[in-house]
*Asks:* 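Let me begin by handing over the structure; questions about it come next.
Below, chain A is the first sequence line, B the second, and so on; all start at residue 1. Please read all numbers here as calculations on a predicted model, not as lab measurements. Hydrogens, waters and symmetry mates play no part in the numbers below; they use all other heavy atoms, side chains included.
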2 protein chains.
Amino acid sequence: MDIFKINLFDGISGEDVERMIVCFGAVFRSFKTGATIYDYPGSGDDVGVMLEGKASMIRTDEDGEVAVMELYSEGDIFGEVLAFANETGDSVKVIAESDCNVMFIKYSQITKRCERACEHHSRLVGNMFGLIARKTLLLSRRIEILSKKTTREKLMYYFQTLSKDYGAEFELPMSVTRLAEYVCADRSAMTRELSRMQSDGLIEINKRRVKLKKA
Amino acid sequence: MDIFKINLFDGISGEDVERMIVCFGAVFRSFKTGATIYDYPGSGDDVGVMLEGKASMIRTDEDGEVAVMELYSEGDIFGEVLAFANETGDSVKVIAESDCNVMFIKYSQITKRCERACEHHSRLVGNMFGLIARKTLLLSRRIEILSKKTTREKLMYYFQTLSKDYGAEFELPMSVTRLAEYVCADRSAMTRELSRMQSDGLIEINKRRVKLKKA
DNA sequence: AAATATATGTTGCAAATGCAACATTTTGAG
DNA sequence: CTCAAAATGTTGCATTTGCAACATATATTT
């Protein structure tokens, strides 16, 4: 596992990283596909940093209604201090979508001053700041999508953000079933809408392959 | 304006605050109700910190459809690095809902090391971390609301979060019109739903006064 | 390869919702 | 206070959507 791939330890030498891992109370854990990485409410002080793999935060309410709250990949962070989970009695978990490596650190250690006065402590906090700023971007994007009134608008907005990264033709980064949960629409209703969008010449879709025909 | 009311400068003496304001390139500005505080895309590096007053981020799309993206009050932060605004051609602005005092600092100065090696530079970054963590909480809460399928569920969830803070009876922190934009529903449809919820004995509502009858 | 679980695709129907159009009330500015 | 602007409340109607109940296809496991 190469933790230098993500920018968390940017500007910090390997030696210092070792020292700081102790200092931050960092714990590294691996998870198999399908495993529960985090279960809300958990230890409120833990912040998870995805080093490798993909995971998603899944909410299941009393009625068994499932919703994907967040999607995580390399560099994403999660934890109770970062998510308004479990206001109500719903089950909220982070589930590994692939084999994952996760680093857990203590939130209190981030804001607290380092007793050992690590030279690079503040550098790491700065790097963490970059990660959390990225998280707000993703959350905002999600809100943008959900704030659209119709399913069609939600999908079109989402497809447009994908096409900015991957071009007019791309593969959905999740299953259609998951996509329905992501845009918070009924799966069958969303499929129906996807068909209509194809009839109306907005997109072409075949399984997860999407071609956006109108910007 | 008492910038010590918010925790941004917690643990930093007034003298140091002065020095750091220079160091961070902080700029203080006041805005009258209705004024535009931030216009996306703006100067990408600026991060706004609300010191006093209330504001909201408003998106207006090509069709003139208005949506409240975020609500800001004391201690909230905003800026291009923190919001996925203007992916499409929509107009996105932060508008003062009351007279506001705002501090702008440079995002690059947060992550960068302080050349003057301010003793408390890292402390402020830690404090900023707290603010941005709070922001992710608010964004997550919003997503929780929007992820509910029906307007009734959205409202009930939102009311429940309010009742946690203010008890079973409370005043809406925004106009009903704004509430409709906040939950991304048509105003008339939402009003209709509020009436039904009252008929069904879930709530009592009179203007902005809401009484939650079922938890 | 067979068996099982998961994902995908389709349809009818009732309910929810957006939208337009309007009346009434409240707020805020001068 | 007066007037205009904004907010609130209501209704009819067409459309969208959730939901249930399927059939089929694909993936995964044994």
Side-chain angles (χ1 to χ4, degrees), chain A residues 32-35 56 58 61-68 95-99 145-156 171-200 202-210, chain B residues 32-35 56 58 61 63-68 95-99 145-157 171-200 202-210:
Chain A
K32 291 277 174 201
T33 306
S56 45
I58 308 282
D61 69 17
E62 322 87 51
D63 312 327
E65 191 68 25
V66 171
V68 177
I95 305 289
E97 299 286 348
S98 68
D99 291 358
I145 292 170
L146 295 181
S147 71
K148 303 289 184 183
K149 292 220 175 83
T150 65
T151 303
R152 175 175 296 206
E153 286 172 314
K154 287 174 184 160
L155 290 170
M156 283 304 282
E171 196 89 8
L172 290 177
M174 63 187 99
S175 73
V176 175
T177 302
R178 275 266 184 274
L179 177 63
E181 291 166 0
Y182 184 70
V183 301
C184 300
D186 178 77
R187 186 187 59 79
S188 69
M190 189 191 78
T191 307
R192 184 199 286 144
E193 188 57 36
L194 282 170
S195 303
R196 283 189 200 140
M197 289 165 72
Q198 184 155 29
S199 306
D200 293 351
L202 290 174
I203 58 167
E204 276 176 32
I205 182 165
N206 190 302
K207 303 286 168 197
R208 295 192 195 174
R209 189 110 208 126
V210 176
Chain B
K32 292 277 174 201
T33 306
S56 46
I58 308 281
D61 69 18
D63 312 327
E65 191 68 26
V66 172
V68 177
I95 305 290
E97 300 286 346
S98 68
D99 290 359
I145 292 170
L146 296 181
S147 72
K148 303 289 183 184
K149 293 219 175 84
T150 66
T151 303
R152 175 174 296 206
E153 287 173 313
K154 286 175 184 161
L155 291 170
M156 283 303 283
Y157 186 89
E171 196 90 9
L172 290 177
M174 62 187 100
S175 73
V176 175
T177 302
R178 276 266 183 275
L179 177 63
E181 290 166 1
Y182 184 70
V183 302
C184 301
D186 179 77
R187 186 188 59 80
S188 69
M190 190 192 76
T191 307
R192 185 198 287 144
E193 188 57 34
L194 282 170
S195 304
R196 283 189 200 139
M197 289 164 73
Q198 185 155 29
S199 306
D200 293 351
L202 290 173
I203 59 168
E204 277 174 30
I205 182 164
N206 190 303
K207 301 286 167 199
R208 295 191 195 177
R209 188 109 209 128
V210 176

*Asks:* Quick one: A:M190 CE to C:dG9 P, roughly how many Å, whole number?
*Replies:* 9 Å
*Asks:* Report the distance from atom CD of A:E193 to atom P of C:dT17, rounded to the nearest whole Å.
*Replies:*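 Distance, rounded to whole Å: 16 Å.
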*Asks:* Using whole Å, report how far CG of B:D186 lies from P of D:dT16.
*Replies:* 15 Å
*Asks:* In a check of side chain to side chain contact (heavy atoms under 4.5 Å, CB included) between A:L179 and each of A:R208, A:M174, A:K154, which one passes?
*Replies:*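 Going through A:R208, A:M174, A:K154 one by one, the side chain to side chain contact (heavy atoms under 4.5 Å, CB included) with A:L179 is satisfied by A:M174 alone.
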*Asks:* Could you tell me how far apart A:R209 (CZ) and C:dT8 (P) are, to the nearest whole angstrom?
*Replies:* 16 Å
*Asks:* Write down the distance between CZ (B:R152) and P (D:dG18), rounded to a whole number of angstrom.
*Replies:* 16 Å
*Asks:* Give me the atom names and distance for the closest heavy-atom approach of A:K207 to A:V176.
*Replies:*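 Heavy atoms only, the tightest pair is O-CG2, 4.2 Å.
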*Asks:* How many whole angstroms separate atom CD of A:E181 from atom P of D:dG18?
*Replies:* 13 Å
*Asks:* Find the distance B:K149:NZ to C:dA15:P and express it as a whole number of Å.
*Replies:* 18 Å
*Asks:* Pair A:R178, A:E97 - check side-chain contact (heavy atoms from CB on, under 4.5 Å), show working.
*Replies:* CA-CA 11 Å; A:R178 275 266 184 274; A:E97 299 286 348; 3.2 Å; yes
*Asks:* Looking at every heavy atom in both A:A180 and A:D186, which two are closest together, and how far apart are they?
*Replies:* CB-C, 4.4 Å
*Asks:* To the nearest 0.5 Å, what is the distance between CG on B:L202 and CG on B:L155?
*Replies:*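 That separation rounds to 10.5 Å.
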*Asks:* Please check the phosphate of C:dA16 (OP1 and OP2 only) for any side-chain N or O of B:T150 closer than 4.0 Å.
*Replies:* no
*Asks:* Rounded to whole angstroms, how far apart are CD on B:E153 and C1' on C:dA15?
*Replies:* 13 Å
*Asks:* Has B:D99 got a side-chain atom pairing as donor or acceptor with B:K32's backbone, closer than 3.5 angstrom?
*Replies:* no
*Asks:* Do any N or O atoms of the protein come closer than 3.5 Å to N or O atoms of nucleotides 7-12 of chain D, and which pairs are they?
*Replies:*
residue, atom, partner, partner atom, Å
D:dT8, OP1, B:V176, N, 3.3
D:dT8, OP2, B:V176, N, 3.1
D:dT8, OP2, B:T177, N, 2.7
D:dT8, OP2, B:T177, OG1, 2.8
D:dG9, N7, B:R187, NH1, 2.9
D:dG9, O6, B:R187, NH2, 2.9
D:dG12, O6, B:R192, NH2, 2.6

